[in-house]
Amino acid sequence: MGERGRNPPLDLGGVTVWQGWLDTPAQAALVAELRALARAAPFFRPVTPRGQPMSVRMTAAGRYGWVSDRRGYRYERRHPSGAEWPPIPSAVLAIWHEVTGLSRTPDCCLVNFYGEGARMGLHQDRDEADFSWPVVSVSLGDDGLFRVGGTVRGGPTRSLWLRSGDVAVLGGPARLAFHGVDRSRFRSGPRLPEGGRINLTLRVVD
Ligand code: SIN
Ligand code: MN
């Protein structure tokens with residue numbers, strides 16, 4: 001169990017944040033699994049439906065991957081290469097089950113990579129069929145400045161630096177909270193020798 005769950009979670013506008021959920025060996029093991037995953041399903045740079053390249057690179061694991069291109073935001077059964085997505089690593093599924101208490105497994109593990117200067121604008125996760133399932137987010141590598149608002153665009157927001165090993169849950173009234181990453185501190189994290197931040201988001205899709 002290591003240091004998992006030792007500290008009570010923070011409430012960031014309804015989003016539950018477990019700081020230091022993964023201890024150092026668990027983070028290192030997860031990074032090694034994700035390297036293997038990225039060999040099977042290489043990172044790609046999505047473009048928005050308006051054709052703007054995103055600053056974040058993405059890949060995924062599970063029954064579905066989330067993709068964006070000129071045709072819009074959606075879930076797809078296959079990587080853009082045509083290959084099926086690799087399975088969600090068991091260590092990632094274990095985090096989902098422990099933190100949510102659910103027996104249902106997630107369908108998608110989206111893997112976001114934030115290199116130097118990458119960010120993600122405020123958005124809602126709303127491409128899924130049933131918002132009663134939570135979204136679980138796992139941060140690795142560099143610190144990322146996470147911003148959370150309410151369920152209406154333009155309202156007040158709160159921010160918190162997510163660090164390697166932190167786990168956040170968007171559930172209940174915060175399931176549709178606007179959220180994003182304003183910036184990361186490049187090379188602040190210990191886990192990725194080449195620098196960068198990885199965020200995993202686990203979701204039930206259909
Ligand atoms: C996302 O909302 O897809 C990513 C959130 C994060 O990187 O912390
Ligand atoms: Mn999101």
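Heads up: numbering here begins at 1 and tracks the sequence. Ligands are counted one by one from 1 in listed order, and the atoms in each one are counted from 1 as well. In this text, all values refer to a predicted model and were calculated from it rather than measured experimentally.
Heavy-atom contacts of His179 reach the following atoms of ligand 1: 2 (O) (cutoff under 4.0 Å). Annotation for ligand 1: atoms under 4.0 Å from non-hydrogen atoms of Tyr114 are 4 (C), 5 (C), 6 (C), 7 (O). Short contacts between ligand 1 and Arg197, defined as distances under 4.0 Å to a heavy atom of the residue, involve ligand atoms 6 (C), 7 (O), 8 (O). Atoms of ligand 1 found under 4.0 Å from any heavy atom of Asn112, numbered from 1 in the order shown, are 1 (C), 3 (O), 4 (C). Close approach to Val181 involves these atoms of ligand 1, each under 4.0 Å from a residue heavy atom: 6 (C), 7 (O), 8 (O).
A donor-acceptor distance shorter than 3.5 angstrom exists from the side chain of Ser188 to the backbone of Asp143, with no hydrogens or angles considered.
Of the N or O atoms in His123, one or more lie within a sub-3.5 Å distance of an N or O in ligand 1. The shortest N/O to N/O separation between Asn199 and ligand 1 falls below 3.5 Å.
Between His79 and Phe44, the ring-plane angle classifies as perpendicular under the 30° and 60° cut-offs. Between Tyr75 and Tyr64, the two ring planes are perpendicular [angle over 60°; tilted spans 30° to 60°].
Between the side chains of Ser137 and Asn199, at least one donor N or O sits under 3.5 Å from an acceptor N or O.
Comparing Arg203, Gln124, Arg119, Met120 against atom 1 (C) of ligand 1, the shortest heavy-atom distance belongs to Met120.
With a 6.0 Å cutoff to the six-membered ring centre and a 45° limit on the axis angle, Arg104 counts as a cation-pi contact of Trp133.
Comment: Arg203 does not engage Asp206 in a salt bridge, judged by the lack of any side-chain N to carboxylate O separation of less than 4.0 angstrom. At a threshold of 4.0 Å, the pair Asp182-Arg147 counts as salt-bridged, since one of the basic side-chain nitrogens sits closer than that to a carboxylate oxygen. Taking a cutoff of 4.0 Å between a charged side-chain nitrogen and a carboxylate oxygen, Arg35 and Glu194 qualify as a salt bridge.
Within the protein, the N, O or S atoms lying under 2.8 Å from the Mn ion (ligand 2) are His123 NE2, Asp125 OD1, His179 NE2.
At least one side-chain heavy atom of Ser68 sits under 4.5 Å from a side-chain heavy atom of Met54.
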Practice task
Assess whether side-chain contact (heavy atoms from CB on, under 4.5 Å) is satisfied between Thr48 and Arg70, documenting all intermediate values.
Solution key: CA-CA 6 Å; Thr48 66; Arg70 296 303 292 235; over 6 Å; no

